[in-house]
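Worksheet: one structure, shown below.
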2 protein chains.
Amino acid sequence: MHSFTEENYIKAIYKLLESNDETVSTNAIAERMNTKAASVTDMLKKLSAKKLVNYQKYQGVTLTAKGEKTALNIIRKHRLWEMFLVEKFNFTWDEVHDVAEQLEHIQSEKLIDELDKFLNFPKVDPHGDPIPDAKGKLHLQKSKPLSQFNIDDVCVITGVVDHSPSFLRYLDKQGFVLGNEIKIKDMADFDRSLQISVNKRASFFISNDVAKNILVIAKQI
Amino acid sequence: MHSFTEENYIKAIYKLLESNDETVSTNAIAERMNTKAASVTDMLKKLSAKKLVNYQKYQGVTLTAKGEKTALNIIRKHRLWEMFLVEKFNFTWDEVHDVAEQLEHIQSEKLIDELDKFLNFPKVDPHGDPIPDAKGKLHLQKSKPLSQFNIDDVCVITGVVDHSPSFLRYLDKQGFVLGNEIKIKDMADFDRSLQISVNKRASFFISNDVAKNILVIAKQI
DNA sequence: ATTTATTTTTAGACTTATCTAAATTTTAAT
DNA sequence: ATTAAAATTTAGATAAGTCTAAAAATAAAT
Ligand SMILES: [Mn+2]
Ligand SMILES: [Mn+2]
Ligand SMILES: [Mn+2]
Ligand SMILES: [Mn+2]
């Protein structure tokens with residue numbers, strides 16, 4: 001139906017729309033896909049002809065309903081496969097992304113339905129990102145970066161902003177695990193670095209840069 | 001490393017070498033891949049440049065050691081995925097091939113090692129075909145078509161020659177299952193059709209055409 | 001040993017996805 | 001309102017894989 005390349009463009013556009021403005025620029029897509037603006041323009045024409053995007057020269061691009069549905073299906077597959085690799089195949093959360101990038105393009109409705117069932121219909125992937133259901137419905141959790149909390153706040157780790165293997169391995173080394181409880185013990189004014197305790201263990205420091213990349217929700221008390 | 005297309009050519013050449021002569025013709029490859037001879041020639045030059053095949057104009061083609069190793073790895077992945085789909089995802093043996101054709105190209109050593117382990121290192125796939133081990137070693141079983149046996153012979157179903165969904169579904173309907181015991185009750189001289197009993201159930205007729213496509217080994221008595 | 005038929009290869013063209021360099025449009029700055 | 005800068009699009013090329021039609025080589029038939 002759609003080529004791998006088309007699917008990757010659709011997904012990139014979806015992610016850019018998700019995190020930013022109401023339309024996506026040619027350059028933004030080019031940067032995210034590690035290609036040149038000229039290539040993006042060519043592809044936008046193709047996707048537009050297929051009614052996957054709303055595109056007018058120089059005016060940026062958005063996804064059509066059909067394009068969004070396509071994007072959500074690819075993301076569903078990506079996240080289910082990541083979950084599978086971690087839960088069943090002993091992959092760590094920093095290892096799964098590259099393989100999932102390949103697996104997300106496999107076409108078989110039955111395969112994905114069975115995968116979902118096999119994993120017992122998970123709601124979030126190993127990075128805490130929500131998994132769209134078979135209908136493309138996606139339940140967002142209203143989490144915020146840890147950097148937005150204050151001294152004595154207690155919150156629960158729900159995900160990450162930065163998905164890079166190096167950041168994920170850093171979190172592993174520090175003992176951060178999704179679902180763990182973080183208490184902010186102290187905050188330095190000059191750089192907003194934090195002294196925190198994870199699951200009531202010995203406290204330690206993290207930079208504001210790290211805090212901005214850890215997603216949490218306030219603990220219900 | 002190698003494109004999907006290159007991998008598919010390598011696999012096709014391997015299969016043709018396996019079942020037939022000592023070299024493979026351009027036309028044979030074209031037929032198997034549903035392409036034209038001209039396209040095959042182009043690809044053979046490319047594979048030759050990559051040292052995957054031994055190719056000289058007009059002289060047919062064979063695989064190099066490197067090419068054969070590549071082929072066996074793809075076949076290993078294909079058959080492990082077929083096994084996985086049947087054992088874990090409720091696929092029937094007539095449904096798995098098309099999905100495995102996609103999955104066989106996923107690149108991740110760890111994924112395949114874990115898949116193998118998850119399935120407890122199976123020796124044969126759902127169709128009875130041998131699965132190469134991680135080193136590319138392949139243990140062939142010396143089975144023969146049921147059509148080569150005679151009245152009163154007892155044998156065990158080990159595989160199929162024809163892998164088409166329609167043949168596999170026919171076998172399902174008749175109650176043939178790998179490992180089942182077949183006893184030949186009678187044979188018609190004029191068309192070599194057989195009256196057989198599977199696992200000592202009520203006997204029925206099969207054509208010589210069917211018998212030629214069921215692989216068996218003589219039952220040890 | 002020629003002629004004929006078949007197989008295989010080459011030549012040239014097309015599609016998808018990419019690039020660089022040049023042209024155009026939009027946006028920002030004077 | 002011009003001019004300058006940035007973003008975007010077009011033009012023209014390239015590489016992978018495919019095709020048709022024509023040429024060349026091999027195999028088969030007389
Ligand atoms: Mn991922
Ligand atoms: Mn993820
Ligand atoms: Mn198969
Ligand atoms: Mn098989």
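Lettering follows sequence order; numbering is per chain, from 1.
Within the 4.0 angstrom heavy-atom criterion, only backbone atoms of the sugar-phosphate kind lie near B:T35; the bases stay farther away. Contact annotation for A:T26: backbone-only contact, meaning every heavy-atom pair under 4.0 Å involves sugar-phosphate atoms and none involves a base. Heavy atoms of B:Y55 sit under 4.0 angstrom from primed sugar atoms or phosphate atoms, though from no base atom.
In this structure, A:E7 atom CD and C:dA17 atom P are separated by 11 Å, rounded to whole Å. If you measure from atom CG of B:D42 to atom C1' of C:dA11, you get 11 Å, rounded to the nearest angstrom. As a whole-Å value, the separation of B:L44 CG from C:dT7 C1' is 13 Å. Going from atom NZ of B:K45 over to atom C1' of C:dA11 covers 10 Å, rounded to whole Å. D:dA15 atom C1' lies 13 Å from atom NZ of B:K50, rounded to whole Å. Here the P atom of nucleotide C:dT9 and the CG atom of B:L47 are 13 Å apart, to the nearest Å. A:Q56 has its CD atom 15 Å from the C1' atom of C:dT26, to the nearest Å. Between the P atom of C:dT9 and the CE atom of B:M43 lies a distance of 14 Å, rounded to the nearest Å.
When the nearest nucleotides of DNA chain C are assigned to A:M33 and A:Q59 by heavy-atom distance, the more 5′-ward of the two goes with A:M33.
Comparing C:dT18, D:dG17, D:dC19 against the side chain of B:K46 picks out D:dG17 as the nearest. Set against C:dT9, D:dT20, D:dT10, the side chain of B:K36 has D:dT20 as its closest nucleotide. With D:dT8, C:dC19, D:dC19 as the candidates, the nucleotide lying closest to the side chain of B:A38 is D:dC19. Across C:dT24, C:dT9, C:dA17, the shortest atom-to-atom separation from the side chain of B:A37 is found for C:dT9. Between D:dA24, D:dT18, C:dC19, one nucleotide has an atom nearer to the side chain of B:T5 than all others, and that is D:dT18.
Between B:Y9 and B:Y55, the distance separating the two ring centers is not shorter than 6.0 angstrom.
Considering only side-chain N and O atoms, A:T41 lies nowhere under 4.0 angstrom from the phosphate OP1 or OP2 of D:dT10. Residue A:N27 has a polar side-chain atom (N or O) positioned under 4.0 Å from OP1 or OP2 of D:dT8. Put simply, B:K57 has no side-chain N or O that comes within less than 4.0 Å of OP1 or OP2 on D:dT26. When the side-chain nitrogen and oxygen atoms of A:Y9 are compared with OP1 and OP2 of C:dT18, one or more of them lie within a distance under 4.0 Å.
Under a 3.5 Å cut-off, the side chain of A:T64 and the backbone N or O of A:K51 do form a donor-acceptor pair. Although no hydrogens or angles enter the test, the distance criterion places a donor-acceptor pair under 3.5 Å between the side chain of A:N213 and the main chain of A:D162.
The existence of a salt bridge linking B:K15 and B:E18 is excluded, since no basic side-chain nitrogen approaches an acidic carboxylate oxygen closer than 4.0 Å.
The environment of CD in A:Q102 is crowded: more than 12 heavy-atom neighbours from other residues, nucleotides or ligands sit within 6.0 Å.
Relative to the six-membered ring of A:F91, B:K110 meets both conditions, a distance below 6.0 Å and an angle of at most 45° to the axis.
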